[in-house]
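See below for the structure under consideration.
Proteins get letters first, then strands, A, B, ... in listed order; numbering begins at 1 in each.
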Protein chains: 2
Amino acid sequence: MKAPQVRSPRKAKGQGGERREEILDAALTLFSAKGLQAVSTRQIAEAAGISQPGLYAYFATKDDLIAELCVRAFAKLSARMEAGKAQWTPTPEMFDRAMMTYIDFGLSEPDAYRVAFMVEKSHDGSFLSRSGGRPMAAGLEAFRGFVAMIADLHDHGLTADDDALRLTQTLWAGLHGLVSLLIARPEFPWVEREALIAAHIAMLRRGALK
Amino acid sequence: MKAPQVRSPRKAKGQGGERREEILDAALTLFSAKGLQAVSTRQIAEAAGISQPGLYAYFATKDDLIAELCVRAFAKLSARMEAGKAQWTPTPEMFDRAMMTYIDFGLSEPDAYRVAFMVEKSHDGSFLSRSGGRPMAAGLEAFRGFVAMIADLHDHGLTADDDALRLTQTLWAGLHGLVSLLIARPEFPWVEREALIAAHIAMLRRGALK
DNA sequence: GCGATAATCTATCACTGATAACTTATCATC
DNA sequence: GATGATAAGTTATCAGTGATAGATTATCGC
């Protein structure tokens with residue numbers, strides 16, 4: 001059952017970056033399989049073929065390592081958003097498609113999504129403060145394309161709320177609710193998932209557009 | 001700075017329940033001030049005037065203690081829902097009011113809300129499984145009155161989706177998104193909160209009702 | 001007073017993230 | 001090719017975590 005990970009040889013002088021990638025890969029696999037809380041730095045180190053304190057040569061804290069994985073995941077979302085931009089027109093159909101892109105991303109990268117928007121910032125500011133808010137910043141960067149789409153719809157007189165920023169925040173909340181609940185409570189007796197997502201998007205469209 | 005909590009005397013034979021209440025009170029105060037993760041069993045024990053292992057005479061695990069606080073919080077929501085039921089009529093105005101009740105509760109009892117709907121069930125089933133899913137069950141019990149209202153609106157032909165269950169899940173997700181984001185990301189540059197909530201409810205109403 | 005038992009304590013465990021201080025491999029240079 | 005600098009990695013250890021075992025003390029019915 002235990003990963004027979006071969007300890008890869010010591011890295012040459014300038015090649016610490018390679019080890020860093022190996023650690024991130026090992027960590028992502030473990031996090032996906034067991035959840036963020038359940039994976040210890042010792043498990044990550046073993047899977048990466050390194051001693052546990054060795055991790056701290058590459059990441060200042062465990063949270064920093066997690067944050068790094070997040071930023072990378074959101075780079076993927078940014079790419080997807082940017083790709084969709086090519087065919088964009090201010091229509092209800094494209095509205096639906098943008099919503100779908102967001103939901104698809106959240107469900108396909110649940111760990112990144114969790115860290116960016118679901119992990120709680122403890123009151124004394126431990127997690128995201130120390131990592132400089134990078135995961136959320138990366139998440140919002142990816143979200144920016146979405147904001148631009150809503151603004152475009154608003155400029156064409158298609159939105160039901162005259163405040164585009166407020167409407168965007170409201171829609172984001174609507175999307176986030178579905179994604180985060182599907183991630184956090186998969187065992188809940190949901191109606192069939194695809195129909196649920198379609199109905200949710202339809203509901204948001206009716207609520208947001210004229 | 002440290003709480004000068006006087007160690008209350010040993011409880012008489014049948015009075016263990018009192019100590020249990022004292023522990024729950026102390027824990028709720030600490031959790032509200034510092035967050036769930038940041039409070040240790042030793043801190044709870046000291047605030048309750050008891051030794052750390054002494055907690056385990058009353059709660060099998062730390063999660064059980066948290067779960068107990070949750071169930072109690074949701075009992076309050078149930079009471080609010082039940083109170084609102086008296087004046088219920090199947091109208092858009094009452095729809096708005098029900099939505100508002102849910103959001104108000106989430107924002108006024110953020111810790112309970114977090115545990116019931118935001119804390120991640122780790123993949124090997126550690127948290128809510130061990131506590132028997134009681135917080136979520138209590139949350140959904142409180143939510144049941146809300147479900148009944150949607151069904152009533154549906155029966156009067158006022159809803160835009162012909163599947164009342166699916167619409168309820170969709171609306172729940174919409175509400176949850178706003179509540180959970182406001183809890184988890186209070187520092188985000190939101191538009192003015194009351195206007196945001198009102199706009200969100202209006203969006204959900206337009207999307208859910210005819 | 002006496003035995004039973006509820007309430008509680010001290011001591012300790014395995015584990016967590018993190019740090020200090022030391023060793024070893026690689027590399028550019030003489 | 002030996003040398004010194006430094007990157008890469010180690011072992012040993014720390015304080016703090018949730019949790020358990022077993023002894024101890026207070027209260028009760030008799």
Among [options], the nucleotide that comes nearest once only the side chain of [X] is considered:
X: Ile50(B); options: dA18(C), dT10(D), dC9(C); value: dC9(C)
X: Tyr56(A); options: dT19(C), dA19(D), dG9(D); value: dT19(C)
X: Arg42(A); options: dG9(D), dT10(C), dG17(C); value: dG17(C)

Reckon [X] has a side-chain N or O less than 4.0 Å from the OP1 or OP2 of [N]?
X: Ser40(B); N: dG16(D); answer: no
X: Arg19(B); N: dA6(C); answer: no
X: Tyr58(B); N: dT8(C); answer: yes
X: Ser51(A); N: dG9(D); answer: no

Euclidean distance, atom [atom1] of residue [X] to atom [atom2] of [N] [Å, nearest integer]:
X: Leu65(B); N: dT17(D); atom1: CG; atom2: C1'; answer: 16 Å
X: Leu36(B); N: dG18(D); atom1: CG; atom2: P; answer: 12 Å
X: Arg20(B); N: dA6(C); atom1: CZ; atom2: C1'; answer: 16 Å
X: Phe59(A); N: dT19(C); atom1: CZ; atom2: P; answer: 15 Å
X: Glu46(A); N: dT10(D); atom1: CD; atom2: P; answer: 12 Å
X: Gln52(B); N: dT17(D); atom1: CD; atom2: P; answer: 9 Å
X: Ile44(A); N: dC15(C); atom1: CD1; atom2: C1'; answer: 15 Å
X: Gln37(B); N: dG16(D); atom1: CD; atom2: P; answer: 18 Å

Problem set entry | Steps toward side-chain contact (heavy atoms from CB on, under 4.5 Å) verdict (Gln52(A), Ile44(A)) | CA-CA 8 Å; Gln52(A) 181 257 352; Ile44(A) 296 171; over 6 Å; no

Problem set entry | More than 12 heavy atoms from other groups under 6.0 Å of CE on Met100(A) | no

For this session: Identify which one of Thr61(A), Leu69(A), Asp63(A) satisfies the side-chain contact (heavy atoms from CB on, under 4.5 Å) criterion when paired with Leu65(A).
Result: Leu69(A)

Exercise. Starting at the 5' end of DNA chain D and moving along, which residue's nearest nucleotide shows up first, Lys62(B) or Leu55(A)?
Worked result: Leu55(A)

Exercise. How is Ala57(B) classified with respect to the nucleic acid when contacts are heavy atoms under 4.0 Å: base, sugar-phosphate, or nothing?
Worked result: base

Problem set entry | Close aromatic pair by centroid cut-off 6.0 Å: His176(A) and Tyr102(A) | no

Exercise. For the residue pair Asp161(A) and Ala199(B), what are the closest heavy atoms and their distance?
Worked result: OD2-CB, 3.8 Å

Exercise. When the nearest nucleotide of DNA chain C is assigned to Gln43(A) and to Pro53(A) on a heavy-atom basis, which residue is associated with the more 5' position?
Worked result: Gln43(A)

